[in-house]
Amino acid sequence: MKEKKKILFMIGANELAEHKSIFIRAVKERLDLFCANADRLEVDLCLYPSDRDQWRKIDAGSAEKLFELLEEAKTKGICIKEIAPKDGENEAENYDAYYGSPSFMPLHFTQCNKPAMIADMSIGI
């Protein structure tokens, strides 16, 4: 059996601020895609910033819907975790690739010669 690829999926609050009207649908599409490929992918999801109150300040209703999606994703095998910027370099070592919002993590992945794909939530899957 092939070993699963370990992906870090990071969602930035900037995505909620920039794409309020489609944000929840876009995140759900990506989570559904990851879950549909659970036989090949192990996915850890991280919010940036991890402080959920910061998300609520942007759009409380959408933030709560996002948090509900995350709880549902946990039941499907996606691990929700926090990564502090100071730990980015060490954390990048634990993954095969990065997918997500612009954040402090893509630099650490490229420094480790690992793929870093910046997501565009405005594009449907």
Side-chain angles (χ1 to χ4, degrees):
M1 183 173 150
K2 250 181 150 175
E3 191 174 313
K4 291 182 179 185
K5 296 291 183 185
K6 190 165 183 179
I7 307 294
L8 176 62
F9 176 34
M10 185 171 273
I11 304 171
N14 65 299
E15 302 287 358
L16 174 56
E18 295 169 17
H19 306 292
K20 284 184 184 181
S21 65
I22 62 165
F23 177 74
I24 295 300
R25 179 181 49 80
V27 170
K28 185 172 180 352
E29 286 177 356
R30 282 150 181 82
L31 291 173
D32 288 347
L33 183 64
F34 285 135
C35 291
N37 289 282
D39 59 326
R40 297 181 290 152
L41 300 174
E42 181 180 337
V43 178
D44 286 354
L45 188 147
C46 183
L47 295 179
Y48 179 66
S50 60
D51 179 356
R52 292 184 177 204
D53 286 336
Q54 296 300 316
W55 290 77
R56 289 180 183 103
K57 287 178 185 177
I58 296 169
D59 182 327
S62 292
E64 293 306 324
K65 288 178 185 174
L66 171 65
F67 305 151
E68 290 171 14
L69 278 178
L70 299 185
E71 289 304 311
E72 182 182 332
K74 284 178 13 181
T75 69
K76 297 177 181 177
I78 291 180
C79 178
I80 311 301
K81 67 182 297 180
E82 291 185 20
I83 299 175
K86 67 178 180 61
D87 299 326
E89 184 176 354
N90 290 335
E91 287 290 336
E93 292 289 339
N94 298 322
Y95 296 93
D96 295 304
Y98 175 89
Y99 176 77
S101 302
S103 70
F104 60 92
M105 286 304 295
L107 174 63
H108 296 299
F109 275 79
T110 56
Q111 288 175 334
C112 294
N113 294 314
K114 295 181 179 185
M117 298 155 280
I118 304 300
D120 184 345
M121 293 290 180
S122 67
I123 298 174
I125 293 181

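In this chain, numbering begins with 1 at the start of the sequence shown.
Here the OG-CD1 distance, from Ser103 to Ile118, works out to 6.5 Å after rounding to the nearest 0.5 Å. To the nearest 0.5 angstrom, Phe104 atom CZ is 12.5 Å from Glu89 atom CD. The distance from atom SG of Cys112 to atom CG of Leu107, rounded to the nearest 0.5 Å, is 9.5 Å.
Between Trp55 and Phe67, the angle of the ring planes goes over 60°, which puts this pair in the perpendicular group of the 30/60° scheme.
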Report, one line per pair, each donor and acceptor closer than 3.5 Å where one atom sits in a side chain of residues 42-53; sequence neighbours left out.
{"from": "Asp44", "atom 1": "OD2", "to": "Tyr95", "atom 2": "OH", "distance (Å)": "2.6"}
{"from": "Asp51", "atom 1": "OD1", "to": "Asp53", "atom 2": "N", "distance (Å)": "2.9"}
{"from": "Asp53", "atom 1": "OD1", "to": "Arg56", "atom 2": "NH1", "distance (Å)": "3.0"}

For residues 7-23, dump all side-chain donor-acceptor pairs below 3.5 Å to protein atoms at least two apart in sequence or in another chain.
{"from": "Glu15", "atom 1": "OE2", "to": "Ser101", "atom 2": "OG", "distance (Å)": "3.2"}
{"from": "Lys20", "atom 1": "NZ", "to": "Ile58", "atom 2": "O", "distance (Å)": "3.3"}

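Across all their heavy atoms, Ile83 and Met105 have their closest contact at CG2-SD, 4.2 Å.
With sequence neighbours excluded, the residues satisfying side-chain contact (heavy atoms from CB on, under 4.5 Å) with Pro115 are Ala97, Met117. Taking the side-chain hydrogen bond (donor to acceptor under 3.5 Å, both in side chains) definition, one finds that Lys28 meets it with Asp32, sequence neighbours left out. Among residues two or more places apart in sequence or in another chain, the side-chain contact (heavy atoms from CB on, under 4.5 Å) test is passed with Ala73 by Leu31, Ile78.
Both Ile80 and Leu66 sit in one connected hydrophobic cluster of ILVMFWY residues. Membership requires side-chain heavy atoms under 4.5 Å apart, directly or through other members. Residues Phe34 and Ile24 share a single hydrophobic cluster, defined by chaining ILVMFWY side chains whose heavy atoms lie under 4.5 Å apart.
Contact annotation: the side chain of Glu91 never approaches that of His108 to less than 4.5 Å [non-hydrogen atoms, C-beta and beyond].
Counting only residues at least two apart or on different chains, the salt bridge (Lys or Arg N to Asp or Glu O under 4.0 Å) pairs with a member in residues 67-80 are Glu71-Lys74, Glu72-Lys76.
Around CD of Gln111, the count of heavy atoms belonging to other residues, nucleotides or ligands within 6.0 Å exceeds 12. In Lys6, the NZ atom is crowded: over 12 heavy atoms of neighbouring residues, nucleotides or ligands sit closer than 6.0 Å. Within a 6.0 Å sphere centred on NZ of Lys65, heavy atoms belonging to other residues, nucleotides or ligands number 12 at most.
A donor-acceptor pair is defined here as one N or O able to donate and one able to accept, closer than 3.5 Å; such a pair exists between the side chain of Lys4 and the backbone of Ala38.
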